[in-house]
Visitor: 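Questions regarding the structure given below will be posed in turn.
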Amino acid sequence: MIIAIDGPAASGKSTSARLLADELDFLYLDTGAMYRCIALSVTENKVDIYNQLSLESFIGDFNLELHTVDGISDFLINGASVSEKIRTNAVSKKVSEISAIPMIRKYMVKMQREFAKNNNCVVEGRDIGTVVFPQAEIKFFITASVEVRAKRRQLELQNIGDKIALKDLQDDIRARDRYDSERAHSPLKKAFDAIEIDTTEITIDEQVRYMIKNVKLNNK
Ligand code: DC
């Protein structure tokens with residue numbers, strides 16, 4: 001069974017997806033983290049993403065692994081953990097542009113489908129219910145106001161020692177929303193059959209309870 005969770009940046013997808021997977025004993029796949037990994041690697045290796053041959057050769061050598069221990073996911077590039085590095089604001093600023101490249105998306109979607117094959121899985125991202133798993137048994141689309149999302153992102157960044165002004169984060173989130181929703185390939189969009197949840201004024205606990213209730217109703 002696949003539970004697809006889509007929505008804009010910092011809307012509370014990851015926290016609820018992780019808790020939902022934990023509660024239901026499902027695997028958890030954060031596809032945004034996968035795009036962050038490739039964005040980090042492309043940047044560190046100064047790959048020209050608009051040069052077909054350079055990008056092809058980079059993707060051919062790119063080695064991304066996901067290790068999950070006690071429900072905690074760790075992403076490794078060429079054997080080295082990058083789970084903390086991919087959360088910095090520098091990566092957030094680059095990832096939308098890089099994830100809009102069709103060759104990168106094709107590679108990622110293939111990996112995501114492989115990962116979930118024959119597994120019960122909660123998968124979160126931007127195009128999960130529309131493109132990666134349109135057949136998902138249940139789909140959620142999570143939203144929240146820009147102000148609340150920026151505040152949540154600020155707290156996350158504080159935890160890894162990145163101090164960014166709220167106003168800058170609001171601007172970054174607006175820019176990312178625009179980029180993710182307006183790109184030509186697999187834009188962020190609510191699937192017609194997704195359940196929409198606005199998390200601006202609800203707690204994470206309320207959000208997860210509501211999601212579990214819907215999963216159970218769907219399973220009857
Ligand atoms: O959820 P996140 O903020 O960690 O995602 C990082 C970026 O990755 C986001 O700006 C758009 C991209 N992304 C995507 O294009 N498709 C997905 N399925 C997941 C993320």
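All values reported here derive from a predicted model rather than from experimental measurement. Heavy-atom basis, side chains included; hydrogens, waters and symmetry copies ignored. Just so you know, ligand 1 is whichever comes first in the structure, and atom 1 is the first atom listed for that ligand. If you read the sequence from its start, that first residue is 1, and numbering goes on from there.
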Visitor: Residues around ligand 1, heavy atom under 4.0 Å from any ligand atom, sorted by chain and number. Can you pull those?
Guide: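 Within 4.0 Å of ligand 1, protein side: K13, T31, G32, Y35, R36, R87, V95, S96, S99, R105, G125, R126, D127, I128, R176, D180, R183.
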Visitor: Under 4.0 Å between a side-chain nitrogen and a carboxylate oxygen: does that hold for D180 and R126?
Guide: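 R126 and D180: salt-bridged.
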Visitor: Taking the basic N atoms (NZ, or NE/NH1/NH2) and the acidic carboxylate oxygens, is any pair closer than 4.0 Å for E206 and R209?
Guide: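 Looking at E206 and R209, the cut-off is not met.
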Visitor: Return the CE to CD1 distance between M1 and I138, rounded to the nearest 0.5 Å.
Guide: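 Interatomic distance, M1 CE to I138 CD1, rounded to 0.5 Å: 6.0 Å.
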Visitor: Give a yes or no on whether a salt bridge exists between K167 and D171, defined as a side-chain N under 4.0 angstrom from a carboxylate O.
Guide: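 Yes, charged N to carboxylate O under 4.0 Å.
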Visitor: Given K139, which partner from the list N218, D193, N214 fulfils the side-chain hydrogen bond (donor to acceptor under 3.5 Å, both in side chains) test?
Guide: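 Answer after filtering N218, D193, N214: D193.
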Visitor: Is there a donor-acceptor contact under 3.5 Å linking the side chains of E124 and S14?
Guide: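 A pair is found: one side chain offers a donor N or O, the other an acceptor, under 3.5 Å apart.
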